[in-house]
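Each remark here refers to the structure printed beneath this line.
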Amino acid sequence: MPKDSVVKIGVLALQGAFEEHLSCFNRLNVESSEVRLMEELDGLNGLVIPGGESTTMARLMRDYGLTAPLRKLIKSGFPVMGTCAGMIILSHKIADIGASTLDVMDINVHRNGFGRQIDSFETMLSIPVIGKAPFPAVFIRAPFIERIGHGVEVLARLSDGTAVASRQGNMLALSFHPELSDDLRLHDYFLNMVRNSVKR
Ligand code: GLN
């Protein structure tokens, strides 16, 4: 089957779980490529910021000269999905990561918010925007969302009410790792955001 020729996705590949995202888009028959420099975003329609270590990623983004130009691009409406550390990178700056986040989404996150006892877990999560069937969400030393600004929609909460997925216009932020489960509905949801932005 030929690839979907309408959209091409970039995956920020400075550090972390970027290969798994590329593989998801491949399975969805959508072209995707690694991005380390701003020029590599030319001709692409959306960006994934993967999980990894937000401290390292924020420093590498600064060193590669990506922080300010990416912030500007995303603020202009370019679709982006941040997963786990990627969600931290999209959020308001937090004190303990040493370099600036992109600070584009009006959320504050709590890094490593689940503590030592349950630092990794998997849970079936209800995410109404992708359908009725619960999503197998893998949390690895995950952040959670502790403040949600105006215009930010919470897409999923744990059973105790903790917000773990949100969207603000062209930006999608997930506490967990959708690329580590076989369920591709969140990648597909992001692709729809991208397709709609291309149409406009
Ligand atoms: N704990 C990591 C951080 O703070 C995030 C972990 C992950 O992306 N799996 O950056």
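Counting from 1, the numbers follow the sequence of the chain as shown. Just follow the structure's listing: the first ligand is 1, and inside any ligand the first atom is 1. FYI, side chains are in, hydrogens and waters are out, and symmetry mates aren't considered; it's all heavy atoms of this structure.
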Would you call the rings of Phe114 and Phe139 parallel, tilted or perpendicular if under 30° counts as parallel and over 60° as perpendicular?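 Rings of Phe114 and Phe139: perpendicular, over 60°.
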Between Phe135 and Phe176, how do the two ring planes meet: parallel, tilted or perpendicular, split at 30° and 60°?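 Rings of Phe135 and Phe176: tilted, 30 to 60°.
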Part of Thr83 with heavy atoms under 4.0 Å of ligand 1, whether side chain, backbone, both or neither: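 Answer for Thr83: neither.
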Could you tell me whether Arg111 approaches ligand 1 through its side chain, its backbone, both or neither, with non-hydrogen atoms closer than 4.0 Å?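 The answer is the side chain.
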Under 4.0 Å to a heavy atom of [X] - the qualifying atoms of ligand 1, by number:
X      : answer
Asn112 : 1 (N), 2 (C), 4 (O)
His177 : 7 (C), 8 (O), 9 (N)
Ile140 : 6 (C), 7 (C), 9 (N)
Gly51  : 8 (O)
Ile88  : 3 (C), 4 (O), 10 (O)

Would you mind checking which non-hydrogen protein atom is closest to atom 7 (C) of ligand 1, with the distance to 0.1 Å?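 For atom 7 (C) of ligand 1, the nearest protein heavy atom is Cys84 SG, 2.8 Å.
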I want to confirm something. Looking only at heavy atoms, which of Ser54, Gly52, Gly82, Ser175 is nearest to atom 5 (C) of ligand 1?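 Of the listed residues, Gly52 has the closest heavy atom.
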Asp42 atom CG, over 12 foreign heavy atoms within 6.0 Å: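 Check passes, neighbour count above 12.
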Does a sphere of radius 6.0 Å around OH in Tyr189 hold more than 12 heavy atoms from other residues, nucleotides or ligands, not counting ones at 6.0 Å or beyond?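 Yes - once you tally the heavy atoms of other residues, nucleotides and ligands closer than 6.0 Å, there are more than 12.
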Out of curiosity, is Met57 lining ligand 1, as in a heavy atom under 4.0 Å away?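 No.
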What is the distance from atom CG of Asp106 to atom OG of Ser91, rounded to the nearest 0.5 Å?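 Nearest 0.5 Å value for the CG-OG distance: 10.5 Å.
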Candidate list Ile49, Ile88, Val109, test side-chain contact (heavy atoms from CB on, under 4.5 Å), partner Ser54, passing option: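 The option that passes is Ile88.
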What I want to check is whether the side chains of His92 and Asn108 have a donor and an acceptor closer together than 3.5 Å.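 There is no such pair between these side chains.
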